[in-house]
Enquirer: 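First the structure, then my questions, so here it is.
Order of the sequence lines sets the chain letters (A, B, ...), proteins ahead of strands, with each chain counted from 1. Not measured: the values here are computed from a predicted model.
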Protein chains: 2
Amino acid sequence: MAAAKSAQSEAGPRKRRPRDSLSRAVILAAAEQIALRDGLEGLTFGALGTELQAHSTSIYRHFRDKDELVLELIDALRAKSYGDQLVSTGDWREDLRLIATAIHEHYLRYPGFAQQMAARTTRRPTEFHNVEFALDAMRRAGLEDEDATLCVRVFGNHVRAVSAMEASLRMLDDEARTMDELAWTVEYRQLSAEEFPNISRTSDKLLTVGDPRLFSEGVEMFLDSIELRAKRAKAARRKRS
Amino acid sequence: MAAAKSAQSEAGPRKRRPRDSLSRAVILAAAEQIALRDGLEGLTFGALGTELQAHSTSIYRHFRDKDELVLELIDALRAKSYGDQLVSTGDWREDLRLIATAIHEHYLRYPGFAQQMAARTTRRPTEFHNVEFALDAMRRAGLEDEDATLCVRVFGNHVRAVSAMEASLRMLDDEARTMDELAWTVEYRQLSAEEFPNISRTSDKLLTVGDPRLFSEGVEMFLDSIELRAKRAKAARRKRS
DNA sequence: ACCTGAACACCGTTCAAGT
DNA sequence: ACCTGAACACCGTTCAAGT
């Protein structure tokens, strides 16, 4: 509704693309450019065609369908963003903050892909490395294996899901977003004190859905909860022996 | 790729829809039926037309565009699912479990709408009531207003985001989903013990992304964290006086 | 073998024409 | 005023034809 499409109409005779000049790597590079420039919704076979100066349908020789292309792109972006950046600091809390921040920032950089990145398993080196890194931090926090595997998943799901939700907010039309944000600073203050006593009392303190403090506070709450679990496990061990 | 479309081709002369028989309510009821039967991706103007036995474009007289229709539908579904069901038990932990479960189940019942339900503000009675209910539970947990408003948001974001992510898993093609699930039970067990010692050691305990235990465990971890905050605030109050 | 062009079955949306 | 029909500008995907 807002963005303008770049016209290409003045085509001429269309020069034929040189043989073997197309490959998965070339196509992915073009896809990355488009994704960075126009987001996921701009990434169509048509746009890829003009970006590559090739016919849209030639891509089907190199990728089975759009889903395969998108998954491959997701992994490439992930490796680029934080492929080798996760190095342990020795402090488990700091390490979990590190990986949470990396994922959060990555999702906000590519908001159009966030939902797919959050929900799908790519089973590739970057993903394996993330799990290993988080498991190690959980172990150093003092969790036993059962709790560690559980917490890795719960914590990971939280970080990915909330990051994806924030990203999807960034993708909304400006109109819808400002209306949604306005609601929290205006409409909630006008509710009746009898029917909604708690809202009325705290309406000047209510936070907006995308407030930047929310993510880091959520992480801290999880870290506290993990520490509590470790203490309980320790106490149970002491009791048993 | 999997679902079959119901043919309607044998049209005949097409009977004209009686005058004034269309309205927002009638259209929303049809949309709800389609959503429940075929999910969000089945909800097209074409499908609405055949369901209503009317021309697709007649809907534009009653809704500005598809977005308006979808938002209205979301609110109707929400009111139906848990409009009046949130009654306090007196126990703040139980109350927060109650609202978390209600939202979780609602999102899984309408997986196609989950992402929109999670991210957007409808500023309508059901939403106001949810916030009031959660704020009251936080207050009874012993949180002061600053912490209560923060925790309502962090907890709410967690519940909605994770529920939406689980729902989006349910929406995947069967092929993609089984491949993704297989990864966690097969590929992760084959990683080398030198490079990934923690994964190897715990590979038989790793949980799949959509494991049903994960949601309730995440809620419990938050409740623990809230209780911890309340204790800290209490201690700080005692120190001050 | 690789790239192209035309075609197909869908979308949401607009607008003049019927009743 | 309300509903219809044809048309438009997009999608992803298939397949026979060019080179």
Enquirer: Strictly below 4.0 Å, heavy-atom distances to any atom of DNA chain C: list the hits from residues 26-37 of chain A, or just say none.
Expert: none
Enquirer: Using the test ring pair (Phe, Tyr, Trp, His ring centres under 6.0 Å), find all partners of F113(A) that sit at least two apart in sequence or belong to another chain.
Expert: none
Enquirer: Which residues satisfy the salt bridge (charged side-chain N to carboxylate O under 4.0 Å, His left out) test with R213(A), sequence neighbours excluded?
Expert: D211(A)
Enquirer: Identify all pairs in which a protein N or O lies below 3.5 Å from an N or O of nucleotides 17-19 of chain D, and state each distance.
Expert:
from    : atom 1 : to     : atom 2 : distance (Å)
dG18(D) : N2     : R16(A) : NH2    : 2.8

Enquirer: Between F128(A) and F196(B), how do the two ring planes meet: parallel, tilted or perpendicular, split at 30° and 60°?
Expert: perpendicular
Enquirer: Which residue pairs pass the ring pair (Phe, Tyr, Trp, His ring centres under 6.0 Å) test when at least one of the two sits in residues 18-39 of chain B, sequence neighbours left out?
Expert: none
Enquirer: Applying ring pair (Phe, Tyr, Trp, His ring centres under 6.0 Å), name anything that partners Y110(A), two or more places apart in sequence or on another chain.
Expert: H106(A)
Enquirer: According to salt bridge (Lys or Arg N to Asp or Glu O under 4.0 Å), does anything in residues 100-117 of chain A pair up with another residue at least two apart or in another chain? List the pairs.
Expert: none
Enquirer: D67(A): which residues meet the salt bridge (charged side-chain N to carboxylate O under 4.0 Å, His left out) condition with it, sequence neighbours left out?
Expert: R120(A)
Enquirer: Please name all residues satisfying ring pair (Phe, Tyr, Trp, His ring centres under 6.0 Å) with F45(B), sequence neighbours left out, ordered by chain then number.
Expert: Y60(B)
Enquirer: For E72(B), which residues count as a salt bridge (charged side-chain N to carboxylate O under 4.0 Å, His left out) partner, sequence neighbours excluded?
Expert: R24(B), R124(B)
Enquirer: Can you list every stem that DNA chain D is part of, counting only runs of 3 or more consecutive Watson-Crick or G-U wobble pairs with both distances under 3.5 Å?
Expert: C:4-8 with D:12-16, C:12-16 with D:4-8
Enquirer: Not counting sequence neighbours, which residues clear salt bridge (charged side-chain N to carboxylate O under 4.0 Å, His left out) with R78(B)? List them please.
Expert: none
